[in-house]
Amino acid sequence: MSLSSAQEKLLADLLAKKSSQSSNIFNSNSYQKKEFDPKTYVKKSGCKTGRYTNKEYTNKETGEIVKAEDKPYTQGWKASKGIGIISIFCAPTSKSRVVRSENGVDWITSIACTITNKKLMTKTLSWGLMDKRTGKVIIQDLGIVLNPKGGKGGVVAEIGKGQ
């Protein structure tokens, strides 16, 4: 089988291109680390903390007027391909108390955490602890930490990972 001159030229060009590519494989410039590009960076979780004031109301059982209080809250979200977007809102309840740990950190107990799954359209209630100073929340039974000071704009992670 004979090749035309155009086919021979095309074959020669392909072979030359392939050999030049294979010689560049071991070139040190082809194995450079990728740099952080903020345009392509996709955030997978976030968290923030703040304060809210509830309104003054009358207790139905005792008839007493309960004054408005300034209370902390922590709010976070986490996105994944399988589960979808989960949003978490944590705030103290009327049964919340401040407890000091052995290392001197003040924790607020009985924090009500509402976990909403947007994909499955479910809402669940869980209980956690909140660091009074930083707003960090630990939900022990789910193994989740909400840390407003972690990463860029806070982080929601598993206990022991990326907090």
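We use all heavy atoms of the structure for the numbers below, so side chains are in, but hydrogens, waters and symmetry mates are not.
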Worksheet item: I115 versus I144: any side-chain heavy-atom pair under 4.5 Å?
Response: no

Item to complete: For residues 92-118, pull every pair meeting ring-ring contact (aromatic ring centres under 6.0 Å, His included), keeping only residues two or more places apart or in separate chains.
Response: none

Output side-chain donor-acceptor pairs under 3.5 Å for residues 80-94, partner residues at least two apart or in another chain, one line each.
unit_1 : atom_1 : unit_2 : atom_2 : d
S80    : OG     : I83    : N      : 3.3
T93    : OG1    : K95    : N      : 3.3
T93    : OG1    : S96    : OG     : 3.4
T93    : OG1    : S110   : O      : 3.2

Item to complete: Starting at OG of S126, measure out to CD1 of I139 and round the result to the nearest 0.5 Å.
Response: 5.5 Å

Worksheet item: For the hydrophobic clusters of this structure (ILVMFWY residues joined by side-chain heavy atoms under 4.5 Å, transitively), does one cluster hold both V105 and V99?
Response: no

Item to complete: Can you run down the salt bridge (Lys or Arg N to Asp or Glu O under 4.0 Å) pairs that involve residues 117-130, sequence neighbours left out, and say none if there aren't any?
Response: none

Item to complete: Share the residues that join W127 in a hydrophobic cluster, the rule being Ile, Leu, Val, Met, Phe, Trp or Tyr side chains under 4.5 Å apart at the heavy-atom level.
Response: L125

Discussion item. Can you pull out every salt bridge (Lys or Arg N to Asp or Glu O under 4.0 Å) where at least one residue sits in residues 125-135? Sequence neighbours excluded, please.
Written reply: none

Worksheet item: In terms of hydrophobic clusters joined by side-chain contacts under 4.5 Å, are W77 and V137 together?
Response: no

Response to the item:
With sequence neighbours left out, the residues meeting salt bridge (Lys or Arg N to Asp or Glu O under 4.0 Å) with D70 are R51

Discussion item. Going by side-chain hydrogen bond (donor to acceptor under 3.5 Å, both in side chains), name the residues that satisfy it together with R100, two or more places apart in sequence or in a different chain.
Written reply: D106

Item to complete: May I ask you to test the Q140-I159 pair for a side-chain heavy-atom distance under 4.5 Å?
Response: yes

Worksheet item: Among the clusters formed by ILVMFWY side chains lying less than 4.5 Å apart, do V145 and L142 turn up in the same one?
Response: no

Item to complete: Determine, step by step, whether N147 and T134 satisfy the side-chain contact (heavy atoms from CB on, under 4.5 Å) criterion, reporting the C-alpha distance in whole Å, the side-chain angles of both residues, the deciding distance to 0.1 Å, and the verdict.
Response: CA-CA 8 Å; N147 190 354; T134 62; 5.6 Å; no

Discussion item. Could you tell me if the side chain of K48 sits less than 4.5 Å from the side chain of Y73, heavy atoms only?
Written reply: yes

Item to complete: Could you tell me the separation between the NZ atom of K44 and the NZ atom of K78, rounded to the nearest 0.5 Å?
Response: 9.0 Å

Worksheet item: So do T74 and C47 actually touch side chain to side chain, heavy atoms under 4.5 Å?
Response: yes

Discussion item. Counting C-beta onward and ignoring hydrogens, is there a side-chain heavy-atom pair between L129 and T109 closer than 4.5 Å?
Written reply: yes

Worksheet item: Can you name the residues that form a side-chain contact (heavy atoms from CB on, under 4.5 Å) with T62, not counting sequence neighbours?
Response: N59, E64

Discussion item. For S101, give me all partners under side-chain hydrogen bond (donor to acceptor under 3.5 Å, both in side chains), at least two apart in sequence or on another chain.
Written reply: N103

